[in-house]
Protein chains: 2
Amino acid sequence: MKTEIIEILKRSQLSATESRAAILALFQEAGTALTHADIEKKTGALFDRVTIYRTLQTFVEKGIIHTIPTADNAILYALCKDNCSEGNHHDNHIHFICDNCSTTYCLDHINIPEIKLPKGFFISGTDILVNGICKNCNDN
Amino acid sequence: MKTEIIEILKRSQLSATESRAAILALFQEAGTALTHADIEKKTGALFDRVTIYRTLQTFVEKGIIHTIPTADNAILYALCKDNCSEGNHHDNHIHFICDNCSTTYCLDHINIPEIKLPKGFFISGTDILVNGICKNCNDN
DNA sequence: AATAGTTTGCAACTAAGTTGCAAATAATTT
DNA sequence: AAATTATTTGCAACTTAGTTGCAAACTATT
């Protein structure tokens with residue numbers, strides 16, 4: 001277990017267990033968003049289905065990862081950047097989903113444009129989903 | 001069965017059946033987005049679960065309704081406006097989901113802002129999800 | 001090293017969604 | 001308007017996704 005990963009878990013007041021470390025490492029290596037199924041595949045039979053569900057849930061609660069809404073209704077999870085904290089998710093992200101390879105990127109550094117709503121509506125958060133062809137698929 | 005509803009179905013080359021007409025009417029009355037569960041509740045035991053699934057699927061294919069991605073992973077369906085046609089959905093919508101009452105509105109007439117992506121990424125469509133408090137909840 | 005607190009895996013369950021097929025309904029033809 | 005054809009529906013059975021309770025295993029604390 002990498003000390004860096006243990007640090008992250010401790011910082012969120014979570015005990016450093018095999019499964020948590022492994023799943024967190026997966027996210028760091030991938031760099032993109034993952035589904036529950038992705039993680040189940042990549043970890044093989046190492047951990048129980050239920051453990052993966054619970055780990056993802058805990059990570060979301062602690063602000064380590066966040067969920068991404070998708071059109072095809074598969075829940076995607078991705079690492080939060082430092083500005084994400086407990087109870088404060090989903091806001092102001094731009095997510096890019098490749099039509100070709102389905103890889104999902106968090107584009108945290110892109111400015112989100114201002115959206116004007118009709119009278120009577122007040123905004124608390126915005127999620128922007130962009131579809132298209134990703135850098136990787138374009139280069140090949 | 002209203003003739004207007006029959007018209008809509010015929011226009012999409014669908015035979016006008018009880019279930020289709022009833023479900024389409026539901027959407028028109030609601031004016032907001034509905035989930036499969038909403039429809040199952042509102043129609044009672046009138047139609048089989050499977051029929052509702054298939055009807056929604058058909059409506060999406062024919063461009064009568066479109067799906068809305070949500071953070072909590074419940075598939076929402078809403079009536080398409082006239083500019084929506086078969087095979088051409090999801091693009092350039094703004095959807096507003098109320099934090100309080102969970103009602104979902106399609107804000108079709110709001111301009112979607114331009115989004116600039118990093119080099120190598122090309123956009124084919126955009127889905128914007130806005131959370132907040134809706135007009136209705138604010139007035140009360 | 002022993003104890004207290006947390007997490008995991010298992011089993012069993014609920015909920016969501018899909019598929020094949022015979023019966024019922026809608027559209028078409030005569 | 002009756003008969004034929006094509007489409008749609010409901011049922012049953014199934015797969016997949018997600019949840020819950022609880023004893024055993026593991027982490028953290030003393």
Side-chain angles (χ1 to χ4, degrees), chain A residues 1-3 5-26 33-62 64-65 67-77 86 102, chain B residues 1-3 5-26 33-62 64-65 67-77 86 102:
Chain A
M1 265 197 278
K2 287 185 206 158
T3 37
I5 284 181
I6 296 178
E7 278 308 303
I8 297 176
L9 293 171
K10 295 285 174 185
R11 211 178 303 144
S12 298
Q13 293 157 305
L14 294 173
S15 37
T17 64
E18 282 285 325
S19 40
R20 286 177 181 160
I23 292 173
L24 187 45
L26 265 186
L34 301 171
T35 63
H36 176 274
D38 288 335
I39 294 165
E40 211 171 337
K41 243 178 261 162
K42 296 204 187 197
T43 54
L46 253 177
F47 311 110
D48 194 80
R49 255 165 20 93
V50 179
T51 302
I52 299 174
Y53 279 116
R54 290 197 267 226
T55 302
L56 290 172
Q57 208 174 284
T58 318
F59 282 3
V60 170
E61 279 161 17
K62 293 296 183 178
I64 297 172
I65 59 177
T67 58
I68 304 172
T70 59
D72 71 341
N73 206 41
I75 314 185
L76 282 168
Y77 300 90
E86 191 160 353
S102 294
Chain B
M1 264 196 279
K2 287 183 206 160
T3 38
I5 284 181
I6 296 178
E7 278 307 304
I8 297 176
L9 293 171
K10 294 284 174 187
R11 211 178 302 142
S12 298
Q13 293 157 305
L14 294 173
S15 36
T17 65
E18 282 285 327
S19 41
R20 285 176 181 160
I23 291 173
L24 187 46
L26 265 186
L34 301 171
T35 63
H36 176 274
D38 289 334
I39 294 165
E40 211 170 336
K41 241 176 263 164
K42 296 203 185 196
T43 55
L46 253 178
F47 311 110
D48 195 80
R49 256 163 20 92
V50 180
T51 302
I52 299 175
Y53 278 116
R54 291 198 267 227
T55 302
L56 290 172
Q57 207 175 284
T58 318
F59 282 2
V60 171
E61 280 162 16
K62 294 295 184 179
I64 297 171
I65 59 178
T67 59
I68 303 172
T70 59
D72 71 340
N73 205 40
I75 314 185
L76 282 168
Y77 300 90
E86 192 160 353
S102 294

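Residue numbers begin at 1 in each chain, while the letters A, B, ... track the order of the sequences.
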Over how many whole Å does the gap from [X] atom [atom1] to [N] atom [atom2] extend?
X     : N      : atom1 : atom2 : result
B/L9  : D/dT9  : CG    : C1'   : 15 Å
B/I75 : C/dA15 : CD1   : P     : 18 Å
A/L76 : D/dA17 : CG    : C1'   : 15 Å
A/R20 : D/dT27 : CZ    : P     : 11 Å
A/L56 : D/dG18 : CG    : P     : 10 Å

- Task: Say whether, by atom type as modelled, one donor and one acceptor occur between the side chain of B/R20 and the main chain of B/S15 under 3.5 angstrom.
- Result: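 Yes: the side chain of B/R20 pairs with the backbone of B/S15.
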- Mind checking whether A/L56 and A/I75 have side chains closer than 4.5 Å, heavy atoms only?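 A side-chain contact is absent here, since even the closest heavy-atom pair is not under 4.5 Å.
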- Task: Taking the side chain as every heavy atom from C-beta outward, state whether A/Q13 and A/K62 have any atom pair closer than 4.5 Å.
- Result: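 Counting from C-beta outward, A/Q13 and A/K62 do come under 4.5 Å.
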- Using a cut-off of 4.0 Å between protein heavy atoms and nucleotide atoms, how would you tag nucleotides 24-30 of chain C 5' to 3' with B, S and -? --SS---
Of the non-hydrogen atoms in [X] and [Y], which two are nearest, and what is the gap between them?
X     : Y     : result
B/L9  : B/A16 : CD1-CA, 3.9 Å
A/A74 : A/T70 : O-OG1, 2.8 Å
A/I65 : A/Y77 : CD1-CD2, 3.7 Å

- Working for side-chain contact (heavy atoms from CB on, under 4.5 Å), residues A/T55 and A/F47: CA-CA 11 Å; A/T55 302; A/F47 311 110; over 6 Å; no
- Do any of residues 38-54 of chain B sit with a heavy atom less than 4.0 Å from DNA chain C, and if so which?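 Listed by number, they are B/R49, B/V50, B/Y53, B/R54.
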- Query: Among C/dT18, D/dT9, C/dG17, which nucleotide sits nearest the side chain of B/Q57?
  - Reply: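 Out of C/dT18, D/dT9, C/dG17, the nucleotide with an atom closest to B/Q57's side chain is C/dT18.
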- Message: Applying side-chain contact (heavy atoms from CB on, under 4.5 Å) to B/I52 and B/H36, what does each step give before you reach the verdict?
- Response: CA-CA 7 Å; B/I52 299 175; B/H36 176 274; 3.4 Å; yes
